[in-house]
Amino acid sequence: MSETPAEPGYAAWKRAKIERGLAQSRDRAAMIPVDQIWRDLTLER
């Protein structure tokens, strides 16, 4: 299996995406409360 990305810049994009996700995960105040997620995902309305 080749480790070469299919498109130029993919590795940099992927790294930046992961770093943004990690930064967001450190800020608990910005996270959506799980109760709200469950309410939003229920099929009964």
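Smallest separation of non-hydrogen atoms from Met31 and Gln24: CE-O, 4.2 Å.
Distance CZ/Arg15 to CZ/Arg20: 12.5 Å, rounded to 0.5 Å.
Taken together through direct or relayed side-chain contacts under 4.5 Å among Ile, Leu, Val, Met, Phe, Trp and Tyr, Ile32 and Leu41 form part of one hydrophobic cluster.
The number of heavy-atom neighbours closer than 6.0 Å to CG of Leu22, taken from other residues, nucleotides and ligands shown, is above 12.
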